[in-house]
Amino acid sequence: MAATSSLPIVDFSVWTSEGTPLERLAIAKELVTACHETGFVHIRNHGVSPRTLDNAFAWTKKFFDMSHEKKMEAEKPKESIAFRGYIRQGVQKAVQVLDGDKEAVQNLRTVPDFNENFNYGSDQNEEQLNIWPPESTLPGFKDFAIKFYWECWQTAQLILRALATGLGLDDEEFFLKYHDGHGNQIALRHYMPVAAAEIESGQKERLGTHSDFGTVTLLFQDDCGGLEVEAPREPGKFISATPIENALVMNVGDLLQHWSNDYLKSTLHRVRLPPLQDRYSGETRMTRQRYSIPYFVAPRSDAIVECIPTCCDEDTPAKYAPLSWAEWMHMRSSTAFGIE
């Protein structure tokens with residue numbers, strides 16, 4: 001069981017309303033400090049309304065309450081490595097293999113992630129086409145999902161501006177020059193009930209240990225709990241990221257770590273058992289269902305990621321060669337699905 005601890009909390013209201021430049025700078029620095037120290041942060045007053053989030057979770061539950069046959073009407077093609085459509089349990093596996101070791105990937109895939117997902121992105125992204133259930137199967141779902149996607153992008157843009165400001169860049173639009181909103185992805189994720197002993201014994205995982213491979217992730221989660229984050233300066237030790245009502249959890253992805261020359265941390269995380277005992281029932285300690293909605297922010301497919309000017313100099317040279325997002329995404333996606 002992970003230790004209970006709290007992640008940093010940032011009130012983002014001066015960025016979502018008319019804050020002064022000095023107020024925005026102070027919060028931007030607070031955000032960057034949190035990303036430097038832990039790589040994870042709770043953000044309050046982020047701009048996505050509680051009503052919108054309630055609707056998003058209601059639609060998520062409606063989708064996963066459908067029969068298997070109806071969900072499979074939007075199935076991800078077996079040969080595709082794009083995170084699009086319905087992904088049934090056992091197809092996708094969160095793994096942390098960054099060197100292309102195929103044997104290591106297959107070994108990790110022997111323990112399945114016990115969840116199911118519906119993934120989608122921008123309908124204008126012609127490189128990764130969305131796969132929707134028929135309108136007659138779930139009327140209104142697609143319309144809401146598209147509106148929700150772009151509302152999340154509004155918040156993501158503010159966060160990217162704040163990060164640029166907090167990192168001391170002269171141009172707060174720096175990251176937005178690489179991001180146009182069409183490369184992002186939403187996962188509606190359902191963690192089915194599971195006996196605690198199956199997780200504790202290693203027979204199953206809810207979501208394996210991994211880092212996110214884009215720029216940043218904005219996570220909306222219900223109150224079940226189970227997200228765990230590797231503790232700062234204590235490799236292998238994980239702390240519980242206790243849900244805060246109406247707050248999102250933002251975490252740094254691999255690209256932002258590259259951009260910042262390791263100043264910002266793309267922290268390992270996983271989903272295990274809920275820390276609160278009232279989330280279990282029966283003699284087998286069956287977990288409650290858990291729903292989460294991560295919004296993965298990523299650049300255009302042609303983006304090349306190089307160290308930003310404020311994070312390297314003669315005394316602190318760039319640690320990484322320029323990184324192609326398209327190549328990095330292909331490698332990380334291939335390992336997730338076990339497809340070459």
Side-chain angles (χ1 to χ4, degrees), residues 51-94 109-123 125 128-149 152 185-199 203-208 219-227 271-274 279-296 333 336-339:
R51 181 179 180 181
T52 296
L53 292 177
D54 287 345
N55 287 336
F57 280 101
W59 278 111
T60 299
K61 188 174 187 302
K62 283 181 184 179
F63 180 88
F64 291 114
D65 281 348
M66 293 194 302
S67 68
H68 177 71
E69 291 73 21
K70 288 190 178 297
K71 287 182 287 190
M72 290 293 282
E73 292 177 355
E75 182 187 18
K76 180 193 84 69
K78 292 180 175 58
E79 70 282 359
S80 173
I81 62 169
F83 289 88
R84 293 294 187 269
Y86 174 63
I87 302 175
R88 58 185 170 80
Q89 189 271 320
V91 172
Q92 178 182 334
K93 171 70 179 177
R109 288 183 63 82
T110 59
V111 180
D113 281 353
F114 198 61
N115 62 64
E116 56 180 343
N117 299 264
F118 178 79
N119 297 273
Y120 70 97
S122 166
D123 262 356
N125 185 338
Q128 300 185 74
L129 299 177
N130 284 326
I131 305 169
W132 299 103
E135 181 65 16
S136 59
T137 296
L138 195 56
F141 173 69
K142 179 181 176 181
D143 285 347
F144 174 83
I146 291 172
K147 290 176 183 176
F148 180 61
Y149 178 95
C152 290
Q185 172 219 334
I186 284 185
L188 309 181
R189 188 166 289 162
H190 175 218
Y191 296 86
M192 297 80 78
V194 61
E198 292 187 90
I199 303 297
Q203 292 174 262
K204 293 178 181 176
E205 289 190 293
R206 301 193 91 186
L207 188 68
L219 173 70
F220 306 99
Q221 56 178 333
D222 67 11
D223 65 354
C224 179
L227 174 64
V271 176
R272 298 293 295 274
L273 294 171
R279 271 47 171 179
Y280 302 87
S281 62
E283 294 183 1
T284 62
R285 296 179 62 230
M286 187 69 69
T287 64
R288 204 178 79 184
Q289 296 186 94
R290 178 178 186 263
Y291 297 94
S292 70
I293 306 175
Y295 184 81
F296 300 99
S333 301
F337 294 117
I339 298 173

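Taking the side chain as every heavy atom from C-beta outward, Pro133 and Tyr86 never approach each other to under 4.5 Å. You'll find the side chain of Leu188 stays beyond 4.5 Å of the side chain of Trp59, heavy atoms only. The side-chain heavy atoms of Phe64 and Gln289, taken from C-beta on, include no pair separated by under 4.5 Å. Annotation: side chain of Glu73 is not in contact with side chain of Leu138 (no heavy-atom distance under 4.5 Å). Side-chain contact between Tyr280 and Leu273 is present, with at least one heavy-atom pair separated by less than 4.5 Å. Considering only heavy atoms from C-beta on, Pro77 comes within 4.5 Å of Ile131 through its side chain. Looking at heavy atoms from C-beta onward, Thr287 lies out of side-chain contact with Phe114 at the 4.5 angstrom threshold. Proximity of Trp132 to Asp123: side-chain heavy atoms (C-beta onward) are separated by under 4.5 Å at one or more points.
For the pair Val91 and Ile87, the tightest heavy-atom approach, listed with the atom from each and the gap, is CB-CG2, 3.7 Å. Nearest approach of Gln128 to Phe83, heavy atoms of both residues: OE1-N, 4.0 Å. Between Cys224 and Pro274, the shortest heavy-atom distance links the atoms O-CB, 3.5 Å. Taking all atoms of both residues into account, the shortest heavy-atom contact from Gln221 to Leu227 is OE1-CB, 4.2 Å.
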Worksheet item: Stepwise, does the side-chain contact (heavy atoms from CB on, under 4.5 Å) test hold for Phe220 with Cys152?
Response: CA-CA 10 Å; Phe220 306 99; Cys152 290; 3.8 Å; yes

Discussion item. If you apply the rule ring-ring contact (aromatic ring centres under 6.0 Å, His included), what do you find for Phe118 with Phe141, and how did you get there?
Written reply: CA-CA 12 Å; Phe118 178 79; Phe141 173 69; 5.4 Å; yes

Worksheet item: What's the verdict on side-chain contact (heavy atoms from CB on, under 4.5 Å) for Arg288 and Asp223, showing C-alpha distance, side-chain angles and the deciding distance?
Response: CA-CA 10 Å; Arg288 204 178 79 184; Asp223 65 354; 2.5 Å; yes

Fill in: From CA spacing to verdict: side-chain contact (heavy atoms from CB on, under 4.5 Å), Phe148, Asn55
CA-CA 9 Å; Phe148 180 61; Asn55 287 336; over 6 Å; no

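With rounding to the nearest 0.5 Å, the separation of CD1 in Ile81 from CD in Gln92 is 12.0 Å. Taking CZ of Arg206 as the start and CE of Met192 as the end, the distance is 9.5 Å to the nearest 0.5 Å. Between atom OG of residue Ser80 and atom CD of residue Glu75 there is a gap of 11.0 Å, rounded to the nearest 0.5 Å. Separation of atoms OG1 (Thr60) and NE2 (His190) is listed at 10.5 Å; rounding is to 0.5 Å.
Taking the side-chain contact (heavy atoms from CB on, under 4.5 Å) definition, one finds that Ala187 meets it with Asn117, Asn119, Gln185, Arg189, Pro294, Phe296, sequence neighbours left out. Residues satisfying the ring pair (Phe, Tyr, Trp, His ring centres under 6.0 Å) criterion with Tyr149, sequence neighbours excluded, are Tyr295. Judged as a side chain to side chain donor-acceptor pair (under 3.5 Å), and not counting sequence neighbours, the contacts of Arg84 are Asn130.
Remark: side-chain polar atoms of Glu135 are paired, donor with acceptor, to backbone N or O of Gly140 under 3.5 angstrom. Using a distance-only test at 3.5 Å, with no hydrogens or angles considered, a donor-acceptor pair links the side chain of Asp113 to the main chain of Gly208.
Screening Lys71, Gln89, Arg88 for a side-chain hydrogen bond (donor to acceptor under 3.5 Å, both in side chains) involving Glu116 leaves a single residue, Lys71.
Note that Lys62 lies outside the cation-pi zone of Phe144, set by a 6.0 Å cut-off to the ring centre and a 45° limit from the axis.
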